[in-house]
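Reading through the structure tokens given below for one structure.
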Amino acid sequence: MTAVVSPTPAAAAATRASSRQALTGISFAVLFVASLVFSGLAGSSTYPSPFDADKVAEAYFADNGGVVVGMSVLQLLSAVPLAAFVLALTRRAGGGLARASGLCAAAGLAVCALTGLAIPVLDASGDTLHSLHHLTFMAGGPAHVPFLGILVGVSALALRTSAPRWTTVLGLVSAGLALLSVLTFVSESVMPLLPLGRFTAILWIVVTAIRAARLRK
């Protein structure tokens, strides 16, 4: 007879953590990207920057209330698996700094979604509209992205001995771009750093989630 070897409690816990990491990382990426795709396809024009003329923002929000609601709900939902991914990932790598930064990134994304949702729900206009629009941008851009970059950079360094070298490089590059994007607070000219930092971080998260799914098997 062949003896059946049961996994140790530590091995079982590691398998569950890998499963959560895979599921939550991919769920975050899918929901967040879906919010942008939905906005781009359903909106009458491109979502406005707070640096655009006031009339541009006013016209967009007046014509696209339902689109803003849909996009904001998807982004709010994406903040939940992001927080869960952070907790699962930082049990393995990164420790307290990565965990705190990742949870701040999830909180910033949630604030961005809630303030964005408030614009059509409150039928905001005038100074209220512009204040909420700016807060949405700040929370989801130069507040969210640098924290996401710290999570990715610290975790990439912590995983460097068990991950392919290119993923470590990707994580560090993403962290550098994300941290530099905080300069958006003072200059519109560095705005391209926000999507560069954001989407390289999301790519690293997806790659890390896929690797976790493979290691689980």
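In this chain, residues are counted from 1 in sequence order. Heavy atoms only: backbone and side chains are in, while hydrogens, waters and symmetry mates are out.
- Rounded to the nearest 0.5 Å, atoms OG (Ser39) and CG (Leu36) are 7.0 Å apart.
- Among residues two or more places apart in sequence or in another chain, the ring pair (Phe, Tyr, Trp, His ring centres under 6.0 Å) test is passed with Phe32 by none.
- Here Ile150 contributes atom CD1 and Ser155 contributes atom OG; the two are 11.0 Å apart, rounded to the nearest 0.5 Å.
- In this structure, Leu114 shares a hydrophobic cluster with Leu76, the cluster being traced through Ile, Leu, Val, Met, Phe, Trp and Tyr side chains under 4.5 angstrom apart.
- Hydrophobic clustering places Ile210 together with Val207 (ILVMFWY residues linked when any side-chain heavy atoms are closer than 4.5 Å, directly or through intermediates).
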Test Val173 against Thr200 for side chain to side chain contact (heavy atoms under 4.5 Å, CB included), laying out the working first. CA-CA 8 Å; Val173 169; Thr200 52; 5.6 Å; no
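- The line from CZ of Phe38 to CG of Leu31 is 13.5 Å long, rounded to the nearest 0.5 Å.
- In terms of the ring pair (Phe, Tyr, Trp, His ring centres under 6.0 Å) criterion, Phe199 has no residue partners (sequence neighbours excluded).
- Taking hydrophobic clusters as Ile, Leu, Val, Met, Phe, Trp and Tyr residues chained together by side-chain heavy-atom distances below 4.5 Å, Leu109 does not share a cluster with Val73.
- Of all heavy-atom pairs between Ser72 and Gly116, the closest is OG-C, 3.5 Å.
- Using modelled atom types and a 3.5 Å distance limit, the side chains of Asp63 and Ser44 yield no donor-acceptor pair.
- No path of Ile, Leu, Val, Met, Phe, Trp and Tyr side chains, each step under 4.5 Å between heavy atoms, connects Val145 with Phe147, placing them in separate hydrophobic clusters.
- When all heavy atoms are compared, the tightest approach of Arg198 to Gly140 is NH2-O, 2.9 Å.
- Looking only at side-chain heavy atoms (C-beta outward), Leu117 and Val68 stay at 4.5 Å or farther from each other.
- Residues Leu183 and Val190 come closest through the heavy atom pair C-CG2, 3.6 Å.
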Side chain to side chain contact (heavy atoms under 4.5 Å, CB included) evaluation trace for Thr168 with Leu159: CA-CA 8 Å; Thr168 303; Leu159 293 170; over 6 Å; no
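- With hydrophobic clusters built from ILVMFWY side chains whose heavy atoms lie under 4.5 angstrom apart, Val30 does not share a cluster with Leu41.
- Under the 3.5 Å distance criterion, with hydrogens and angles disregarded, a donor-acceptor pair is assigned to the side chains of Thr90 and Arg99.
- Scanning for side chain to side chain donor-acceptor pair (under 3.5 Å) contacts around Ser181 gives an empty result, with sequence neighbours left out.
- Atom-to-atom distance recorded for Ile205:CD1 and Gln21:CD is 10.0 Å, nearest 0.5 angstrom.
- To the nearest 0.5 Å, atoms OG1 (Thr46) and OH (Tyr60) are separated by 8.0 Å.
- Between His130 and Glu58 there is a side-chain heavy-atom pair separated by less than 4.5 Å.
- You'll find the side chain of Thr208 stays beyond 4.5 Å of the side chain of Thr167, heavy atoms only.
- One hydrophobic cluster, built from ILVMFWY side chains closer than 4.5 Å, holds both Leu194 and Phe185.
- To the nearest 0.5 angstrom, Leu122 atom CG is 11.0 Å from Thr115 atom OG1.
- Side-chain N or O atoms of Thr136 include one that pairs as donor or acceptor with a backbone N or O of Leu132 at under 3.5 Å.
- Under a 3.5 Å cut-off, the side chain of Thr24 and the backbone N or O of Arg20 do form a donor-acceptor pair.
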Evaluate the criterion side chain to side chain contact (heavy atoms under 4.5 Å, CB included) for residue pair His144 and Leu148; output intermediate values, then yes/no. CA-CA 6 Å; His144 163 73; Leu148 193 65; 3.9 Å; yes
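- Under a cut-off of 6.0 angstrom, the local environment of CZ in Phe28 is crowded, with over 12 non-hydrogen atoms contributed by other residues, nucleotides or ligands.
- Here the closest non-hydrogen pair linking Val56 and Pro48 is CG1-CB, 4.3 Å.
- When all heavy atoms are compared, the tightest approach of Ala139 to Val111 is CB-CG1, 3.8 Å.
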If you look only at distance, which donor and acceptor atoms sit under 3.5 Å apart when one is on a side chain in residues 78-87 and the other is two or more places apart or in another chain?
from  : atom 1 : to    : atom 2 : distance (Å)
Ser78 : OG     : Gln75 : O      : 2.7

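- Every residue two or more places apart in sequence or in another chain that forms a ring pair (Phe, Tyr, Trp, His ring centres under 6.0 Å) with Phe51 is listed here: Phe137.
- Listed here is the closest heavy atom pair of Pro142 and Val182: O-CG2, 4.0 Å.
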